[in-house]
Undergrad: 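Have a look at the structure that comes next, please.
Only this structure's heavy atoms are used, side chains among them; waters, hydrogens and symmetry mates stay out. The model shown is predicted, which means the values in this text are computed figures rather than measured ones. First listed ligand is number 1; within each ligand, the first listed atom is number 1.
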Amino acid sequence: MKPMKPMKPMKYVIAAVALGVGLAGLTGMPAVAADLDQLKEQGFARIAIANEPPWTMVTTGGEVSGAAPDLARAVLNKMGIKEIVASVSEYGAMIPGVQARRFDMVAAGLFIKPERCEAVLFSQPDLCDAESFMIKAGNPLNLKSFADVASSGAKIGVVGGGTEEKLAIEAGVDRANIVVVPDPQSGAKLLQDGRIDVYALPVLSISDLLKKAEDPGLAMFAPVENTPIFCAGVAFRKQDGALRDAYDVALAEMKASGEFAAIVEPYGYSADAAMQQTRENLCGGAN
Ligand code: 6CS
């Protein structure tokens, strides 16, 4: 377990946490705060991230960047919270983790969906993207939808507890054909090795993987048919409504000033797409 190093202004020191293991016990830091004044006094906010560029990125040196952490840091700075401590979590462990106060919030590109809106409070939308398939060049199984994956008997790679896993199950993909991968890079490798036939992630994630793979034998099919454009937001405990509302005020100011676009668009996200969406619409009601 990395000892906590002094924070650097533009960098995040990652507190690498095994999945679902609380931070306090590992770092000796006090239990996480629950509201804005306590976070200001604490001097930092603990955020859960994945490691799925360009949404969230962790270097081998433990430095964290990516659209979601960079945006969260800027918004929290406007709120008077100077520093961030990030820990990597599987998507499926993020909501239980924030509910159990292992994190103060989730800033990982967590898609705002009705079933999640039952469990946490979301900020207004920040990062939007369509779904895509990474497949072998030429798409030999002609996979264009999750229904195609189900009917073809293809093996599909997905990240644990993520939206693509749910879409595959809902489409009727046999669970024996759903391969949960620990991180995006593993999924690309499994496809290259022929251990899976398709790997499902948002467009920007697959684009990043294809760029890094430099493998002409791999390709992307997007958008996946019969799937919506998803938009993510920062997730908070249900009890932390005042904190979420304060985050929303600062986020709205940054959307109006252009600061929001200046952070997310270099990563490939459309600021307009997020600004035209609302949490209420994505949750199917108030949240
Ligand atoms: O929130 C989710 O479920 C999805 N979000 C991202 C950024 N990647 C995959 C995951 O399924």
Undergrad: Any side-chain donor paired with an acceptor under 3.5 Å for D183 and S186?
TA: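 There is such a pair between these side chains.
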Undergrad: Identify the protein heavy atom lying closest to atom 2 (C) of ligand 1, giving its residue, its atom name and the separation to 0.1 Å.
TA: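 Result for atom 2 (C) of ligand 1: T163 OG1, 3.3 Å.
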Undergrad: Between Y269 and D126, is there a side-chain donor-acceptor contact under 3.5 Å, judged purely by atom types and distance?
TA: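 Result is no, nothing qualifies.
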Undergrad: Under 4.0 Å from ligand 1, counting heavy atoms only, is it the side chain of E165, its backbone, both or neither?
TA: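 Neither; no heavy atom under 4.0 Å.
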Undergrad: Using a heavy-atom cut-off of under 4.0 Å, does the side chain or the backbone of A232 touch ligand 1, or both, or neither?
TA: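 None of A232 does.
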Undergrad: How does K166 reach ligand 1, by side chain, by backbone, by both or by neither, if only non-hydrogen atoms under 4.0 Å count?
TA: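 No part of K166 is near ligand 1 at this cut-off.
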Undergrad: Under a plain distance cut-off of 3.5 Å, with no hydrogens placed, do Q192 and D215 share a side-chain donor-acceptor pair?
TA: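 Q192 and D215 do have a side-chain donor-acceptor pair below 3.5 Å.
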Undergrad: Pairs of nitrogen or oxygen atoms closer than 3.5 Å, one from A108 and one from ligand 1: do any exist?
TA: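 Such a contact does not occur with ligand 1.
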Undergrad: Please list, in number order, the atoms of ligand 1 under 4.0 Å from a heavy atom of R116.
TA: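 Atoms satisfying the 4.0 Å criterion: 1 (O), 2 (C), 3 (O).
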Undergrad: Enumerate the atoms of ligand 1 whose separation from the nearest heavy atom of G162 is less than 4.0 angstrom.
TA: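 It comes down to these atoms of ligand 1: 3 (O), 11 (O).
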Undergrad: Against heavy atoms of P202, which atoms of ligand 1 measure under 4.0 Å?
TA: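 Here the atoms of ligand 1 in question are 8 (N), 9 (C).
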Undergrad: Whether the side chain of K144 engages the backbone of A222 through a donor-acceptor N/O pair (distance < 3.5 Å, no angle test) should be reported.
TA: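 Side chain of K144 to backbone of A222: no pair is present.
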Undergrad: Do F146 and F133 have side chains that get closer than 4.5 Å, going by heavy atoms?
TA: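 Side-chain contact under 4.5 Å: yes.
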Undergrad: Starting from atom 10 (C) of ligand 1, what is the nearest protein heavy atom, named by residue and atom, and what distance separates them?
TA: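 Result for atom 10 (C) of ligand 1: E164 OE1, 3.6 Å.
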Undergrad: Backbone N or O of V158 within a donor-acceptor pair of the E165 side chain at under 3.5 Å?
TA: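 Between the backbone of V158 and the side chain of E165 there is no qualifying donor-acceptor contact (under 3.5 Å).
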Undergrad: Under 3.5 Å, N or O to N or O, is K113 touching ligand 1 that way?
TA: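 No, no N or O pair falls under 3.5 Å.
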Undergrad: Got an N/O contact under 3.5 Å between G109 and ligand 1?
TA: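 The answer is yes, given that G109 and ligand 1 share an N or O pair closer than 3.5 Å.
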Undergrad: Closest approach of C117 and K238, non-hydrogen atoms and distance?
TA: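 That would be O-NZ, 2.8 Å.
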Undergrad: At what distance is the nearest protein heavy atom to atom 6 (C) of ligand 1, and which residue and atom is it?
TA: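 Heavy-atom neighbour on the protein nearest atom 6 (C) of ligand 1: Y91 OH, 3.4 Å.
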Undergrad: Where does W55 meet ligand 1, judged by heavy-atom distances below 4.0 Å: at the side chain, the backbone, both, or neither?
TA: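 W55 to ligand 1: side-chain contact only, backbone stays beyond 4.0 Å.
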Undergrad: Please state which protein non-hydrogen atom is closest to atom 8 (N) of ligand 1 and give its distance, to 0.1 Å?
TA: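 The closest one turns out to be E52 OE2, 2.9 Å.
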Undergrad: Apply salt bridge (Lys or Arg N to Asp or Glu O under 4.0 Å) to K136 and D197, showing your working.
TA: CA-CA 7 Å; K136 292 282 189 174; D197 304 298; over 6 Å; no
